[in-house]
2 protein chains.
Amino acid sequence: MDVRTICLGILTRGDATGYEIKKLFEEGGYEHFVEASFGSIYPALSRLTDEGFVSVRSEAQEKRPDRKVYSITPVGRSAFVATLLKPLPEDRHRSPFVFAMLFADLLPQAHVSAMVDHYIGQVEEKLAHLNSHSDASKSDGERFVMDYGRTVYEATLNFLRTHRAEIENQPAQAAE
Amino acid sequence: MDVRTICLGILTRGDATGYEIKKLFEEGGYEHFVEASFGSIYPALSRLTDEGFVSVRSEAQEKRPDRKVYSITPVGRSAFVATLLKPLPEDRHRSPFVFAMLFADLLPQAHVSAMVDHYIGQVEEKLAHLNSHSDASKSDGERFVMDYGRTVYEATLNFLRTHRAEIENQPAQAAE
DNA sequence: GCCTATCTATATTGGACCGATATAGATCGA
DNA sequence: TCGATCTATATCGGTCCAATATAGATAGGC
């Protein structure tokens, strides 16, 4: 999903700055399915403004730099819905950890165990972060995607804990 | 994980052409954690050759275009292992479908159901593809990552089948 | 008082990546 | 004969992002 569509979607839920959009990705429990960097968010917001899909107003702040608050326009809202009604791009999953496990036999066993421990820790942290969000104020869609994320993280943890021995106790540099 | 590292890894398992590396991603059951396009594979192989991490030989074929076969060098193999021993980049997951489900309330219910059906079909296809790979000739690492993929796909399917009603029967354009 | 770490806030850049395209060689079914 | 599809290499323009830049803070340690 391109970053302009992502920003439009976020803005259907309420006005936001570029910085707030980024924070939503980092802290909002969305990291299992969406992310964007400042390097793409600010240019995307600029283009959306140029295209008339969003409008922008500056707000001065005391003791803080000014902030630019973006609002979706009616045209932008229609464009967003139209995009969702088209066939969606494929999911993309990239896991350096899983890729590295393909080659566990090339690594010292102690290091493989440490990598598995570290990855389990990362997933536990993400799950805890998801669980820290109360469901009280969530829409059905938000609850659905949070529960989906929990399901995948829990399945991942169960799998790693159950199956880690299968790649940890391999002879180093097995003949291949 | 950058594409050069990915190509190096594949080549530790045996010589391959750029085209074969791409086919491995598409058909090898790796799509839940790694992928690269021709647009990045060929330049990566060129750079690896320039850097001395791989060597290349051309093979003429009857009735087919010539093919370039790449082999990892001892220096390349060491570099690959050294890369795996460093801290790995974070996983990245991008799911336009899950992102769209955040906004299910903006869409006609029939369309939401169709999107869920289509996504379930895609995941079922990926799972069937994974299951089509016999475990007989797999290394422990390969078995591990295939089993991991199955676990995640199965958890996904179970979740979608169980919870789809939570976003399908919403009033259209709920007040927000 | 200074320095480092961290937060808030916007913006840009160079390099990596990729979908599309190009070129060139086939087979197969209608 | 033609269109679809496969094999095979390669490039390009657009998108994305980590890093960097600039500018405004607070807080804690020395």
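Labels below follow one simple rule: chain letters A, B, ... track the order of the sequence lines, proteins then strands, and each chain is numbered from 1.
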Can you tell me how far [atom2] of [N] sits from [atom1] of [X], to the nearest Å?
{"X": "A:Arg64", "N": "D:dG24", "atom1": "CZ", "atom2": "P", "result": "13 Å"}
{"X": "A:Glu62", "N": "D:dA23", "atom1": "CD", "atom2": "C1'", "result": "17 Å"}
{"X": "B:Asp15", "N": "D:dA8", "atom1": "CG", "atom2": "P", "result": "15 Å"}

Under the side chain to side chain contact (heavy atoms under 4.5 Å, CB included) rule, collect the residues that match up with [X], sequence neighbours excluded.
{"X": "A:Ser71", "result": "A:Asp15, A:Ser55, A:Arg57"}
{"X": "A:Ala79", "result": "A:Phe53"}
{"X": "A:Pro89", "result": "A:Met1, B:Pro96"}

Under 3.5 Å donor-acceptor pairs involving side-chain atoms of residues 23-31 of chain A, not counting sequence neighbours:
unit_1  : atom_1 : unit_2  : atom_2 : d
A:Lys23 : NZ     : A:Glu26 : OE1    : 3.4
A:Glu26 : OE2    : A:Lys22 : NZ     : 3.4

Assess, by modelled atom type and distance only, whether the side chains of A:Asp66 and A:Ser58 contain a donor and an acceptor separated by less than 3.5 Å.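 Distance-only check fails for A:Asp66 and A:Ser58.
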
Are the ring centres of A:Phe103 and B:Phe80 closer than 6.0 Å?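 Judged by ring-centre distance (under 6.0 Å), A:Phe103 and B:Phe80 do meet the cut-off.
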
Hey, is the side chain of B:Lys63 poking within less than 4.0 Å of OP1 or OP2 on D:dT7, counting only N and O atoms?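 Checking B:Lys63 against D:dT7: no side-chain N or O falls below 4.0 Å of OP1 or OP2.
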
Is any side-chain N or O of A:Gln61 closer than 4.0 Å to OP1 or OP2 of C:dT8?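 No, A:Gln61 has no side-chain N/O under 4.0 Å of OP1/OP2 on C:dT8.
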
Does A:His32 use its side chain to pair, donor to acceptor, with the backbone of A:Val145 at less than 3.5 Å? yes

Which class fits the ring pair B:Phe144 and A:Phe159: parallel under 30°, tilted 30 to 60°, perpendicular over 60°? tilted

For the helix from C:dG1-D:dC30 to C:dA30-D:dT1, what angle separates the axis at the start from the axis at the finish, each from five pairs, in steps of 10°?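 Inter-axis angle at the ends, rounded: 20°.
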
Per-nucleotide protein contact along nucleotides 9-19 of chain D, 5' to 3', at a 4.0 Å heavy-atom cut-off (B base, S sugar-phosphate only, - neither), is BBB---SSBB-

